[in-house]
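I have placed the structure first, in the form of structure tokens, so that the comments after it can refer back to it.
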Amino acid sequence: MKQIRVLAQFYVDLLVKLGIIRFSMLLALALVALAVVVQIGVTLVMQGEVLNIDIVRSVTFGLLITPWAVYFLSVVVDQLEESRQRLSKLVTKLEEMRSRDMQLNKQLQANISQLNQEIEERKKAEEAREEAMRDLENEVYQRENAQLELAEQSALLKSFLDASPDLIYYRNEKGEFSGCNRAMEELTNRTEKQLVGLTPWDVYSEDIARKIVETDQQVFQQNVSLTYEQWLEYPDGRKAVFELRKVPFYSREGRRLGLMGFGRDITERKQYQDAQEKASRDKTAFISTISHELRTPLNGIVGLSRMLMNSSLNEEQRGYMRTIYVSAITLGNIFNDIIDMDKSDRRRLELLPKPLDFEAFVSEMGTISALMAEQKGLRFDLERLTDLPHGIEVDGTRLRQVLWNLISNATKFTKDGGVVMSVSCEVEDDQAQITFEVEDSGIGIPSRELEKIFAMYYQVKDENDNLHAVGTGIGLAVSRQLVQMMGGDITVSSEVGEGSTFTVTITAPIVALEDDEEEAMPRVPQASLNIFMVEDIELNITVAKALLESLGHEVTIAMRGEEALEMFDPELYDLVLLDIQLPDMTGFDIAARLREQYDHLPAIVALTANVIKDKSEYLNKGMDDAISKPLSVKAITDVIQSLVLTCPLDEEEEIDEMPEPTPQLSDDMVSKLLDLEMLSSYVEIVGTKPVYDSIAMFEAKMPEYIAILDSNMMAKDQDGIKFEAHKIKGAAGSIGLKHIQQVAQKAQSPELPAWWENINDWVDEIKDGYQNDLQVLKDWLAQQE
């Protein structure tokens, strides 16, 4: 069956391939041939032989019948084939449709599954949405609570910022205010709402705004925080200095929004600093005053004791005088330590190296030290271990002060035995390496204390906490500083109960002394001179007059400046000695007045209790020379030799113009303090009540004026000081406070010479004096009633 289907398929395929006609002809020929073969076979079987006619008949019949039958069959087959093909196509389409239906069915099933899944997901989403709604409702509730808490916290933060005395503000990138606290509102006299949107140019004065804008730009350009100090002004004119800190601030995304500013009022700190500086100046002035006041009697004691020692005394009296002389020198050195302590605190210790006769210096130290040791019954030895240079360049005063401290301490803390000072020197390249050793046999210093004794104010203590070495604790500290300034140092070695050794090393250049030949020659006797001396202290007068008269001179004394100006006649005197500090004026004032009054003057020499280190100040202020008190024979004879005997007394000298002395206050304090002429005429017209009313108003306003004036003083604002002083002057003048008015006039006049140097004193005079002047005014008014 399968072979038949194969043959049939072959038949159909051949028909389709050859076409109906060709296939029919071919099939017909094949059938004719088949019919001939069959006819021949049948004839042979039936007749036994095949005739030609049989073959012709078979062929003819086959040719007539077979083509039509074949054609018909071919047509039928062809149609059948077409039908089959159409059917095949239809089947193919049906299969495709079936396949598509199956795919659609699968897709539909998938869609149904997906739809079911989506339905499930939607159910879940609906449940989630309902849960989200519940969560959202809860979140809204929590957010509302958070907003309420945030509002409360914001209010608390705002209250905290407003309660802060510090300035707090915000500015955007354009420099406009975005917010601030109450302190900032008070400073600018604007509310926060009024301040928002304004720039520093709209809020502050031009000078203040310029610096604020410049610092803002530094913060923005460099993107860093900035801290600085600036004076700001309140609406009432009061100034305060603030420590301002500016920092950039950013959003969460890192974008810079502007800057935050913080300002702390440090006016009190500045006032404290200024008070400290003033206290330091006052301390310096006090020490300077004490220096003069103490040196004056001390120099008198030294001078008189020295003169008495050269007089005829018995041994007991001479011993007393030596004690007085050494005690005065000791007290003077202690006082020098105190002066140097003040200079050390202000970093003003200085050296003034000059050529020094070193041999004479060492001998002098040995002589004075021997006198000191003799007072305690001790032995003093001076040992020169090597040859010493004749002249060195060193500050002899400072070196003497250092050695005196060491010898004084050695003597003070030695009960038995003695003190030895040894001096040695090594020379290298014209530099002298000098070593002093001061050795004593005293109480000694514990080893644990050796590194502490050079500290300021330190005093050695023993194990029982009893003072072992009682003293100021200043001398060694100052001495070490001075020696270190000389390029050396002080060291110490000691053993308790065995004594101590202090070693001083310095380096000094070797110099030749110009006056060697002159000092080797005897001084030419000087002629007797008429000397005019101005001095206000009896003790100094006694010492100086005794010395000068012992040298054969005649001395005329004046004790005040005005007295000296009245007594002086340039034709009568050969030399003028002027004390610098007098009750009514200075020696510089007297010199200036004399040079203005006379064309020809004798030599004018300043007398001062201070140590003279630089004479240029005295020479620039009209003096020909200056010498220290107490007078010494060498100093006065040198001055006479250089100024009197070598210079014509009528030689003209150019002098610098000096300011007139400040007029002194009169005795009539009421007329000095009050404008009595104005007050008297005013009281006569309107009575005393309006004056009392004006006084009450003045008393109410003055604290405000002074507070603003103080703030301007702190800020060093000349215009502000001038403005407030002008207001005080006007207010004081309106009630007749002439003295306060005059002082305020000075305070409001920056063009005055040395205005800034004096403004503090003038302001203090106003602050400290106006209440006293008011009381004087009230007392005067009470007398008019």
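Contacts classified as salt bridge (charged side-chain N to carboxylate O under 4.0 Å, His left out) and involving residues 487-512 (residues at least two apart or in different chains) are given here: Arg480-Asp489. Listed by first and then second residue, the side chain to side chain donor-acceptor pair (under 3.5 Å) pairs involving residues 414-434 are Gln433-Thr507 (not counting sequence neighbours).
With contacts defined as side-chain heavy-atom distances shorter than 4.5 Å, the pair Val555/Glu549 qualifies. The shortest distance between side-chain heavy atoms of Asp625 and Tyr618 does not fall below 4.5 Å. Side-chain contact between Leu406 and Ser479: absent, with no pair of heavy atoms (C-beta onward) separated by less than 4.5 Å. Considering only heavy atoms from C-beta on, Met421 comes within 4.5 Å of Phe380 through its side chain. Contact of the Ile590 side chain with the Leu582 side chain is registered, since non-hydrogen atoms from C-beta on lie closer than 4.5 Å. Side-chain contact between Phe361 and Val423 is absent, with no heavy-atom pair separated by less than 4.5 Å. The shortest side-chain heavy-atom distance between Val534 and Met585 does not fall under the 4.5 Å cut-off. With a 4.5 Å cut-off on side-chain heavy atoms, Leu607 and Met533 count as touching.
For the residue pair Gly418 and Ser441, the shortest heavy atom distance occurs at N-OG, 3.2 Å. Nearest heavy atoms, Ala603 versus Leu575: O-CD1, 3.5 Å. In plain terms, the two heavy atoms of Met486 and Leu399 that are nearest each other are CE-N, 3.6 Å. Here the shortest heavy-atom pairing between Gly587 and Leu578 reads O-CD1, 3.6 Å. Residues Ile531 and Leu548 come closest through the heavy atom pair CD1-CD2, 4.0 Å. The minimum heavy-atom distance between Asp624 and Pro602, with the atom names listed, is OD2-O, 4.2 Å.
Residue Arg400 holds its CZ atom at 11.0 Å from CD1 of Ile407, rounded to the nearest 0.5 Å. Taken from NZ in Lys767 to CG in Asp710, the straight-line distance is 3.5 Å, to the nearest 0.5 Å. In this structure, Ile640 CD1 and Leu551 CG are separated by 7.0 Å, a value rounded to the nearest 0.5 Å. To the nearest 0.5 Å, the span separating CD1 on Ile506 from CG on Leu403 amounts to 8.0 Å. Taking CZ of Arg560 as the start and CG of Asp579 as the end, the distance is 13.0 Å to the nearest 0.5 Å. Residue Cys425 holds its SG atom at 8.0 Å from CD1 of Ile392, rounded to the nearest 0.5 Å.
For the side-chain contact (heavy atoms from CB on, under 4.5 Å) criterion with Phe358, the lone passing option out of Leu388, Val511, Val394 is Leu388.
Summarising the local packing, CD of Glu229 is surrounded by more than 12 heavy atoms from other residues, nucleotides or ligands at distances under 6.0 Å. Heavy atoms of other residues, nucleotides or ligands lying less than 6.0 angstrom from CZ of Arg264 number 12 at most.
No hydrogens or angles considered: a donor-acceptor pair under 3.5 Å links the side chains of Thr586 and Asp589.
For Phe532, the ring pair (Phe, Tyr, Trp, His ring centres under 6.0 Å) partners two or more places apart in sequence, or in a different chain, are Phe568, Tyr573.
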Practice item. Step by step, work out the side chain to side chain contact (heavy atoms under 4.5 Å, CB included) result for Val402 and Ile490. Key: CA-CA 10 Å; Val402 170; Ile490 300 179; 4.1 Å; yes

Point to revise | side chain to side chain contact (heavy atoms under 4.5 Å, CB included) assessment of Ser493 paired with Glu439 | key: CA-CA 10 Å; Ser493 60; Glu439 181 181 0; over 6 Å; no

Exercise for review: Give the intermediate values and the outcome of side chain to side chain contact (heavy atoms under 4.5 Å, CB included) for residues Glu393 and Leu356.
Suggested key: CA-CA 6 Å; Glu393 187 173 38; Leu356 174 70; over 6 Å; no

